[in-house]
Engineer: 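Okay, handing you the structure first.
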Number of protein chains: 2
Amino acid sequence: MRPDEIATALRQAFRERLIPPGQALNQDELARRFGVSRIPLREALRTLVGEGLIIMRPGLGAVVTELNVDEVEELYGLRLQLEPPLAPGIVERLGQRDVDDLARLVEGMRALTAAQSEEWSTLNYRFHRRLYELSGQRHAVRLVTQVLNLVEPYARVHAHVLGSRPRMQQERVDMLQAVRDHEAERVEELIDRSIRAARTELAQAMAEISIN
Amino acid sequence: MRPDEIATALRQAFRERLIPPGQALNQDELARRFGVSRIPLREALRTLVGEGLIIMRPGLGAVVTELNVDEVEELYGLRLQLEPPLAPGIVERLGQRDVDDLARLVEGMRALTAAQSEEWSTLNYRFHRRLYELSGQRHAVRLVTQVLNLVEPYARVHAHVLGSRPRMQQERVDMLQAVRDHEAERVEELIDRSIRAARTELAQAMAEISIN
DNA sequence: CTTTTGGATATTGGATCCGATCACGGTTCG
DNA sequence: CGAACCGTGATCGGATCCAATATCCAAAAG
C-alpha cells in the first residue's frame, strides 16, 4: 500500500469512527495493519496533518483531531459559506451519467433499514462528495472535503441517535430532483437549508451531552 | 530540522517564488539543503500535499502546484467567501498588543521604497495572517492560509509589475484604522473590496500574459 | 500515605542501504 | 531516414537499523 492509499483508508476510518476523535495513533500497530513499514505510514500521517485531521506533536506521536461544540459550529459555518455556492457549477456541468450515479446513491440510502445507520451515513457522505465534485471547482472541493472529513465523525452520531434521518433522506431526494431539473437556485437553497438544519440539531445534541 | 520546520521553510520559498510554480522538487537536493536525510524531507512534502501546495505523482516526485487563470479566480472567490466573515471575530477579540503589532507591520510596509517589492509582499502576507488569526477561528484560518499560500506566488508578480501598491497600501491603512475602531462592518467591507480589486487586476494581468 | 526518583520498556524520529522505476541516449532494424 | 529497442544513470519508494525520548511502574524518601 502506498502513502496515498493509507491516507485514504485512514480518512475513512476516522469518518466511520472506527478510529474515534482523540484516539492516539500507534505507528507500529497501524503499519502492521496496513502491511507496510512505518515510513509510508508516517508519510500518510503527515498528509493528514496537512488536512487538519490529526495533530502530531514531536516525540509524542499523532492524535485524531477532537472538536468541541464551538469548533463544530465553526465548521458548519464554513460549510454554509463554501457549499451552497457550488450549486451553479454543478447544474451547469451535469451529465446524464452523473444524475444516474446520484440517483443510485439516494435510492441505496432509501432502501436501508433503520438499523443500518452507518451505511446510510457512508452513502450520504459519498452523495455529497460526488455532487460537489461535479462543480469542477478543484480547490473549493478540496477545502469542502477537508471540512466534511473533520465533522463527519460527529455528524454520524447525530444522524444515528437523533431521529433526523427521514428529514435528511427527504432533503437528498429534493436535492436530486432540483439537480435533475438544473435549478441552480433551488439546489443552492436546499444545500443551505440542509446544513442549517444539521447544524442546529448537532449543536443541541452536543450541548446536551456535555451537560450530562 | 524537523519536518514541520522544513514544511514552513518550503511554504515560504513557494510564496516568495524562490521555488516557482511548476518547479520539480529533487528530494536529494532539498534534503542536502536542509541538512537532513530524505525521510524528514519527504514527510514535509507530504504535509504540503495535504495543503494542496504540491502534487506528488508516484515514482515521479513532487511538483509545485501551478494555477491557471480560472483556478486563480476560483481561489479569489474562496477568499471572498472566507475572509470577510472573519471580521466580527477579529474586532471582538482584539487587544492593544494586537493593534500595535498590526500597526508596526503597516508602518514597515509604508517605509519601504518602490524597489522593495518583495519585502512589501512579505509584510502584506504577514499582516493578513496576523489579522485573521485574531479571529480565533482555527479551522477557518487554516483554510484561508491554504488559499493564501496557493495564490501568493501569483499575487506577488501582480503587486510587483502592476502599479497597484499605493492603493493596496492605503487599503491596509484603512483596515488598520477600522480594526482599531472596532468597526466590524467596515472591516468586513474593506476586506471584501480589497480582495475584489486584487482579483480583477490579477485576472486581467494573467489574461494579458497568456495572450502574449 | 503521598510524592518523588530511578530504571526498564515502549515508541518515536532519522540515517543508511537496497530494490524498483523512470528518463535519457545511443544503437539497430525496418 | 525514422522509429522502436535496449542499456545506463539518476531518482524515487520502502525496509531495516540505531539513537533519542517519552511512558510507566516500582521502590524509596518525606
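Since the structure is predicted, the reported quantities are computational estimates derived from the model, not experimental observations. Naming: A, B, ... by sequence-line order, numbering from 1 per chain.
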Engineer: Find the distance Leu45(A):CG to dG14(C):P and express it as a whole number of Å.
Structural biologist: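 Roughly 13 Å, once rounded to whole Å.
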
Engineer: Using whole Å, what does the distance between atom P of nucleotide dT12(C) and atom CZ of Arg57(A) come to?
Structural biologist: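 Atom-to-atom, Arg57(A) to dT12(C), this comes out as 13 Å.
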
Engineer: Among dG13(D), dT12(C), dG14(C), which nucleotide has an atom closest to any side-chain atom of Arg2(B)?
Structural biologist: dG14(C)

Engineer: Closest to the Asn26(B) side chain: dG13(C), dT11(D), dT16(D)?
Structural biologist: dT11(D)

Engineer: Rounded to the Å, how far apart are Leu30(B) CG and dG13(D) P?
Structural biologist: 13 Å

Engineer: Examine distances only and state if a side-chain atom of Gln23(B) and a backbone atom of Pro20(B) form a donor-acceptor pair shorter than 3.5 Å.
Structural biologist: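 Judged by distance alone, no pair lies under 3.5 Å.
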
Engineer: Nearest whole Å is fine: how far is dG13(D) C1' from Leu41(B) CG?
Structural biologist: 13 Å

Engineer: Indicate, with a heavy-atom threshold strictly under 4.0 Å, whether Asp28(A) touches base, sugar-phosphate, or nothing.
Structural biologist: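 If one applies the 4.0 Å heavy-atom cut-off, Asp28(A) turns out to touch a base.
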
Engineer: Counting heavy atoms from C-beta on, name the nucleotide in dA15(D), dG13(C), dG13(D) closest to the side chain of Arg38(B).
Structural biologist: dG13(D)

Engineer: Could you tell me which non-hydrogen atom of Ala203(B) sits nearest to which non-hydrogen atom of Glu73(B), and how far apart they are?
Structural biologist: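 Closest approach of Ala203(B) to Glu73(B), heavy atoms only: CB-OE2, 3.6 Å.
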
Engineer: Looking only at non-hydrogen atoms, find the nearest pair between Val91(B) and His182(B) and report the distance.
Structural biologist: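 Minimum heavy-atom contact is O-CD2, 2.9 Å.
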
Engineer: Could you state the atom-to-atom distance from CZ of Arg42(A) to P of dA15(D) in whole Å?
Structural biologist: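 After rounding, the reported distance stands at 13 Å.
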
Engineer: When the nearest nucleotide of DNA chain D is assigned to Ala62(B) and to Gly59(A) on a heavy-atom basis, which residue is associated with the more 5' position?
Structural biologist: Ala62(B)

Engineer: Among dG14(C), dA23(C), dC12(D), find the nucleotide with the atom closest to the side chain of Leu60(B).
Structural biologist: dA23(C)

Engineer: What does Leu25(B) touch in the nucleic acid at a heavy-atom separation under 4.0 angstrom: a base, only the sugar-phosphate, or nothing?
Structural biologist: sugar-phosphate

Engineer: Would you please say whether a donor-acceptor pair under 3.5 Å links the side chains of Arg156(A) and Thr122(A)?
Structural biologist: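 Present: a donor and an acceptor within the cut-off.
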
Engineer: Between Asp98(B) (side chain only) and Gly95(B) (backbone N and O only), is there a donor and an acceptor less than 3.5 Å apart?
Structural biologist: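 The answer is yes, because a donor-acceptor pair under 3.5 Å joins these two groups.
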
Engineer: In whole angstrom, what separates Ile39(B)'s CD1 from dG13(C)'s C1'?
Structural biologist: 10 Å

Engineer: When the nearest nucleotide of DNA chain C is assigned to Pro58(B) and to Arg46(A) on a heavy-atom basis, which residue is associated with the more 5' position?
Structural biologist: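 So the residue in question is Arg46(A).
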
Engineer: For a quick test of reading the model: is some side-chain N or O of Gln27(B) closer than 4.0 Å to OP1 or OP2 of dA10(D)?
Structural biologist: no

Engineer: Check every atom of dA15(D), dC12(D), dG13(C) against the side chain of Met56(A) and return the nucleotide holding the closest atom.
Structural biologist: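 Shortest atom-to-atom distance from the side chain points to dG13(C).
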
